[in-house]
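Within every chain, numbering begins at 1; the chains are lettered A, B, ... in the order of the sequence lines, protein sequences first and strands thereafter. These numbers come from the heavy atoms of this one structure, side chains and all, not from hydrogens, waters or symmetry mates.
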Amino acid sequence: MLYLYDGSLDVPKILKEWYEQEAKSNYGAYIPFVGTVRSEDGIDGLSFDIYEPILGSWFASWQQKAKEKGAVIKMAHSKGDVMLHESSYIAAVFSPKRRVALEFIDAFVEDFKASAPIWKYDLIDGKRVYALERSTAIAGSGILGVKK
Amino acid sequence: MIQVEFLGPIQKEPLEVNITNLNELAKLLQNDAELTQWLENSAVAVNDALVSSLEHPLKDGDKVSLLPPVCGG
């Protein structure tokens with residue numbers, strides 16, 4: 001399941017809800033990853049734009065991959081502003097055994113960083129500054145820039 | 001007409017253009033100096049599915065989206 005929230009995530013509540021959703025599903029492993037905004041480079045926080053149609057189809061493809069391994073994946077992400085020491089991202093995998101979940105969460109988060117249509121901005125003095133240098137071009141980018 | 005939308009940090013209003021494939025869109029957008037950097041680093045989706053070729057045909061009512069570099073989390 002994919003959950004989007006305005007502003008920061010209530011991490012304890014979400015982790016508890018997910019735990020309870022799968023409490024009787026006979027999974028042996030629940031491995032969450034929580035992303036929290038750190039203080040660096042003088043930022044006041046981060047802000048996010050999300051393009052939901054493509055995020056939804058990207059996530060559905062990962063749900064299918066998880067299903068093929070007998071696992072379930074859940075993800076929560078913030079829209080808009082998230083201030084220092086608040087959290088903007090949670091991903092979690094449930095699987096019968098730990099090895100699948102550990103490997104899956106690694107592969108999922110890496111592809112999330114490279115492919116999920118989410119744009120990050122630094123919040124500095126009340127302005128949103130696109131974090132271009134920390135961003136990754138989606139595979140296949142640049143075709144419209146090729147001159148013929 | 002084809003609707004062209006610019007996502008995330010690309011500060012540009014959507015366009016409506018009369019074209020039949022992405023090659024024509026590339027030529028059109030390359031005339032806009034403000035878009036040069038974004039054309040070189042953005043992915044392209046047609047009707048919310050990513051495409052990898054400029055030969056992709058377009059039909060009336062299609063939506064083309066430009067997706068600049070991403071950074072979730």
Side-chain angles (χ1 to χ4, degrees), chain A residues 4 9 33-38 46-59 61 75-79 82 87-91 108-122 128-148, chain B residues 2-58 61-73:
Chain A
L4 301 177
L9 303 181
F33 169 84
V34 179
T36 299
V37 180
R38 289 187 304 133
L46 299 174
S47 191
F48 298 91
D49 288 339
I50 297 181
Y51 186 59
E52 296 184 28
I54 293 181
L55 181 67
S57 53
W58 171 84
F59 186 77
S61 74
M75 177 182 132
H77 204 287
S78 298
K79 296 187 280 187
V82 180
S87 296
S88 55
Y89 179 51
I90 310 176
F108 176 79
V109 174
E110 288 303 312
D111 191 51
F112 166 80
K113 285 283 182 184
S115 307
I118 300 177
W119 295 280
K120 179 180 284 178
Y121 306 82
D122 291 329
R128 286 176 116 209
V129 181
Y130 174 51
L132 173 63
E133 70 287 353
R134 305 204 296 285
S135 301
T136 304
I138 295 170
S141 287
I143 56 174
L144 288 177
V146 176
K147 295 207 166 66
K148 292 196 174 175
Chain B
I2 308 296
Q3 189 189 348
V4 183
E5 61 177 15
F6 303 89
L7 299 177
I10 312 178
Q11 298 287 323
K12 192 169 172 65
E13 292 298 310
L15 300 175
E16 288 218 327
V17 291
N18 211 346
I19 51 174
T20 57
N21 61 52
L22 290 176
N23 264 314
E24 294 173 38
L25 181 64
K27 282 187 191 138
L28 197 71
L29 297 182
Q30 283 172 11
N31 291 327
D32 185 340
E34 284 179 17
L35 281 176
T36 302
Q37 175 204 359
W38 299 116
L39 297 182
E40 288 168 0
N41 65 13
S42 290
V44 181
V46 176
N47 300 331
D48 294 333
L50 292 170
V51 300
S52 56
S53 166
L54 288 182
E55 306 309 318
H56 196 96
L58 297 172
D62 279 353
K63 178 178 72 170
V64 178
S65 308
L66 269 70
L67 295 91
V70 295
C71 188

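- Here the CD1 atom belonging to A:Ile50 is positioned 4.5 Å from the CG atom belonging to A:Leu4, to the nearest 0.5 angstrom.
- Using a 4.5 Å cut-off between heavy atoms, B:Leu50 touches chain A through its side chain atoms alone.
- A:Leu9 places none of its side-chain heavy atoms less than 4.5 Å from the side chain of A:Val82.
- Partner of B:Val44 under the side-chain contact (heavy atoms from CB on, under 4.5 Å) criterion, out of B:Leu25, B:Val64, B:Leu39: B:Val64 alone.
- Applying a 4.5 Å heavy-atom cutoff, the residues of residues 66-73 of chain B that approach chain A are B:Leu66, B:Leu67, B:Pro68, B:Pro69, B:Val70, B:Cys71, B:Gly72, B:Gly73.
- Side chains of B:Leu28 and B:Val4 form no contact here, defined as non-hydrogen atoms less than 4.5 Å apart.
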Point to revise | Verdict with supporting geometry, B:Leu7 and A:Ile54, side-chain contact (heavy atoms from CB on, under 4.5 Å) | key: CA-CA 11 Å; B:Leu7 299 177; A:Ile54 293 181; 5.6 Å; no
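- The residue among A:Leu132, A:Ile118, A:Leu46, A:Leu55 with the most heavy atom pairs within less than 4.5 Å of chain B is A:Ile118.
- Looking at A:Ala91, neither its backbone nor its side chain comes within 4.5 Å of chain B, counting heavy atoms on both sides.
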Can you pull every donor-acceptor pair closer than 3.5 Å across chain B and chain A?
residue: B:Glu5; atom: OE2; partner: A:Tyr51; partner atom: OH; Å: 3.1
residue: B:Asn23; atom: OD1; partner: A:Lys148; partner atom: NZ; Å: 3.2
residue: B:Gln30; atom: NE2; partner: A:Leu144; partner atom: O; Å: 2.9
residue: B:Gln30; atom: NE2; partner: A:Val146; partner atom: O; Å: 3.0
residue: B:Leu39; atom: O; partner: A:Gly145; partner atom: N; Å: 3.4
residue: B:Ser42; atom: O; partner: A:Gly142; partner atom: N; Å: 2.8
residue: B:Ala43; atom: N; partner: A:Ser141; partner atom: OG; Å: 3.1
residue: B:Asp48; atom: OD1; partner: A:Tyr51; partner atom: OH; Å: 2.4
residue: B:Lys63; atom: NZ; partner: A:Tyr51; partner atom: OH; Å: 2.7
residue: B:Pro68; atom: O; partner: A:Trp119; partner atom: NE1; Å: 2.9
residue: B:Pro69; atom: O; partner: A:Trp119; partner atom: NE1; Å: 3.3
residue: B:Pro69; atom: O; partner: A:Tyr130; partner atom: OH; Å: 2.6
residue: B:Val70; atom: N; partner: A:Thr136; partner atom: O; Å: 2.8
residue: B:Val70; atom: O; partner: A:Thr136; partner atom: N; Å: 2.8
residue: B:Cys71; atom: N; partner: A:Ile118; partner atom: O; Å: 2.9
residue: B:Gly72; atom: O; partner: A:Lys113; partner atom: NZ; Å: 2.7
residue: B:Gly73; atom: N; partner: A:His77; partner atom: NE2; Å: 2.9
residue: B:Gly73; atom: O; partner: A:Ser88; partner atom: OG; Å: 3.3

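- Using a 4.5 Å cut-off between heavy atoms, A:Ile90 does not touch chain B at all.
- Between atom CG of residue A:Leu144 and atom CG of residue B:Leu29 there is a gap of 6.0 Å, rounded to the nearest 0.5 Å.
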